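First the proteins, then the strands, lettered A, B, ... as listed; each starts at 1. Because the structure is a prediction, the values reported are computed rather than measured.
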Amino acid sequence: MFRNSETARGLTLIAPPALYALLLLAVPLLAIFAFSFWSQDFLTIDYTPTLNNYREAFSEPLYAQLLLRSVLIAGAVTLATVVLAFPIAYFVSFHVAPSRKSLWIFLITIPFWTSYLIRVFLWKVILGYNGVLNSSLLGLGVIDEPLTFILYNANAVVITLAHAFAPFAILPIFVSLEKIDRSLLEASRDLGENTVMTFLRVTLPLAVPGVVAATLIVFIPTIGDYVTPRLVGGPNGLMIANMIQTQFLKLNNAPMGATLAVIAMGIVTVLSLIFIFLNRRWLKGRKT
Amino acid sequence: MKDTSPPPPIVSLRAVQKYYGTYHALRGIDLDIGEGEFFSLLGPSGCGKTTLLRTIAGFEDISEGTLLLSGQDMSGVPANKRPTNMVFQSYAIFPHLSVAENVAFGLRRRSDLSKQARQVMVEEALDMVGLGGYGARAAHALSGGQRQRVALARALILKPKVLLLDEPLSALDKKLREQMQNELRRLQRHVGITFVLVTHDQEEALIMSDRIAVMFEGEIAQLADPQTLYRRPLSRRVADFIGVMNFLPARATETGAEISGLGRATITPEQCPAGPLSGDCTIGIRPETMSILFGDEPAPASETRGLVHELAYYGDMTYYDILLDGVEKPVTLSMKNLVGRRVLERGETARISWDERALVAFAN
């Protein structure tokens, strides 16, 4: 089988990570997939394959509502993050002196220095009824009573997640902007376009691969986020991951939890594929 | 055959200074470039030639002085409003657009053109640079020479008053470069647009230009047509930069100079482009104006003797380094390898023919 010693050596080299990936990624995924076709009665698992879980998942309006909300929240987070990340990436790439760029990128990653959980709690402190934001606005006389639409609802989830994922969006956009040959911008100016049109006709199209990467990197993990909706989401900010957790740990219905997980993964896959397909024209035309 | 009256200037620079912080990049440039001229800015890297070109294009503002383009002051006029277009050193072809879209890039603002008219213009521009039928190609699939042509078509389609070329041929291999030199020259005659070329390649500048400005350290060292530049360089530095020149120590006499290794020669005032000579001076002589005399062949003008120190055989030519009496540094001379002509060997003594009309004198 390994007549070619180079092949053998290559396979040996990748064996440990391959094994690692197989055990920690593929096997759990397969287990989830298998569970979704079983059923559970209290603590006993019935291994007879059935589609009942899927039937129930699709007929129960609560699940559909949670799935839809997850998609909408993740979409809003992605939009907010990418739209806010672009100017930052643009600024660092085009207006920061080359010798200072790595410092800026380093500073942008500061949110990662604290644990995700602590950051979410901090947002509770900032957005709360007597929180930093409300007391400042009250003190300044901007508002008469505390704002309530910023905590324990979907808005709070969007704000918190958008902050948490900002570096994930800034970095790929920054990289794609860095790759743009600056003489292309001069060429556009030379051919009669002003700064705005140069941005629209040259910079933005060439930054699309970075924007696509940022969108996927933010959208895929946020749709399944569990901690943030749990802590700042309130009853109306809960997402599908919270229901999956409830099914597994509180309702002792692992098969239903697995089914919802599979459906959520399916939705993410389909949405991502549609998004990539729509952007294929840009991705295809790029070559450095 | 050349019209002697200078054409009206289309680019006019007066006392132009450019500073980058404390670095003085352009030191008082005065320059007029005529309509329809093929003009070259020649100099070593860092001499300010590219800065000057970018100043004309509007990518750099000038610190002091004025720049006029066809009589209009360009201060405060951004690059996109200037009647110039540029071919960039890297060509700057938009990688996300097709060849035709690249060429049509600057036509967006021409709302007077119909879609068909645009297509016809793009096709014509591509035909002009020899890329007819390439319109649908993806820009990133082109070779270096093809990118260069797209960059040319993209600039020329806008019919600029001045086309600026920033070392356009430096990225091409030798064969392609020579071919493009001819084509650029032909294209310039065909469209009649003023071309301003930046190059560090003196041969390229000589071949292509009507006039050349040689620049050193932010200043124009000499501005002349190619023949004057080659035959009557104003300084040793210019002479050294344009082709090869041998320099011999000499002493000025009443009618000419006493030259080490060559002897006495008459020097006319035209041969002293930098002014009359006195005392110790330097005489320059080009390799091809000297030759080796074989057998008892008589010298057409003057004659001296030397020792073959080193030689380099190029096939069509042989370059000899000859040690002349009383001169430390060997002089270079070139001989065509004609049929039946022998190539000398190292250590041989040779009779050397030279002509006082070929000498150029420089003050020390």
Could you tell me how the ring of B:Phe59 sits relative to the ring of B:Phe88: parallel (under 30°), tilted (30 to 60°) or perpendicular (over 60°)?
tilted

Which residues pass the salt bridge (charged side-chain N to carboxylate O under 4.0 Å, His left out) test with A:Asp181, not counting sequence neighbours?
none

Counting a contact as any heavy-atom pair under 4.5 Å apart, which residues of residues 74-86 of chain B contact chain A?
B:Pro78, B:Ala79, B:Asn80, B:Thr84, B:Asn85, B:Met86

Close contacts, residues 154-165 of chain A versus chain B, judged by heavy atoms under 4.5 Å:
none

Going by side-chain contact (heavy atoms from CB on, under 4.5 Å), B:Leu169 matches just one of B:Leu197, B:Thr199, B:Asp201, B:Leu184. Which one?
B:Leu184

Heavy-atom contact with chain A under 4.5 Å, split by part of B:Ile157:
neither

N/O donor-acceptor pair under 3.5 Å between B:Ser12 side chain and B:Pro9 backbone:
no

Under the 6.0 Å and 45° cation-pi test, does B:Arg154 pair with B:Phe94?
yes

Under the salt bridge (charged side-chain N to carboxylate O under 4.0 Å, His left out) test, which residues partner A:Arg182, sequence neighbours left out?
A:Glu178

Quick one: pull up CZ in B:Phe105 and CZ in A:Arg201 and give me the separation to the nearest 0.5 Å.
4.0 Å

Go through the atoms of A:Thr198 and report whether side chain, backbone, both or neither lie under 4.5 Å from a heavy atom of chain B.
neither

CZ (B:Arg109) with more than 12 external heavy atoms under 6.0 Å
no

Might you work through the ring pair (Phe, Tyr, Trp, His ring centres under 6.0 Å) test for A:Tyr90 and A:Phe199, ending with a clear yes or no?
CA-CA 11 Å; A:Tyr90 185 87; A:Phe199 176 79; 5.6 Å; yes

Could you go through the side-chain contact (heavy atoms from CB on, under 4.5 Å) check for B:Leu156 and B:Leu187 one step at a time?
CA-CA 10 Å; B:Leu156 287 173; B:Leu187 205 59; 3.7 Å; yes

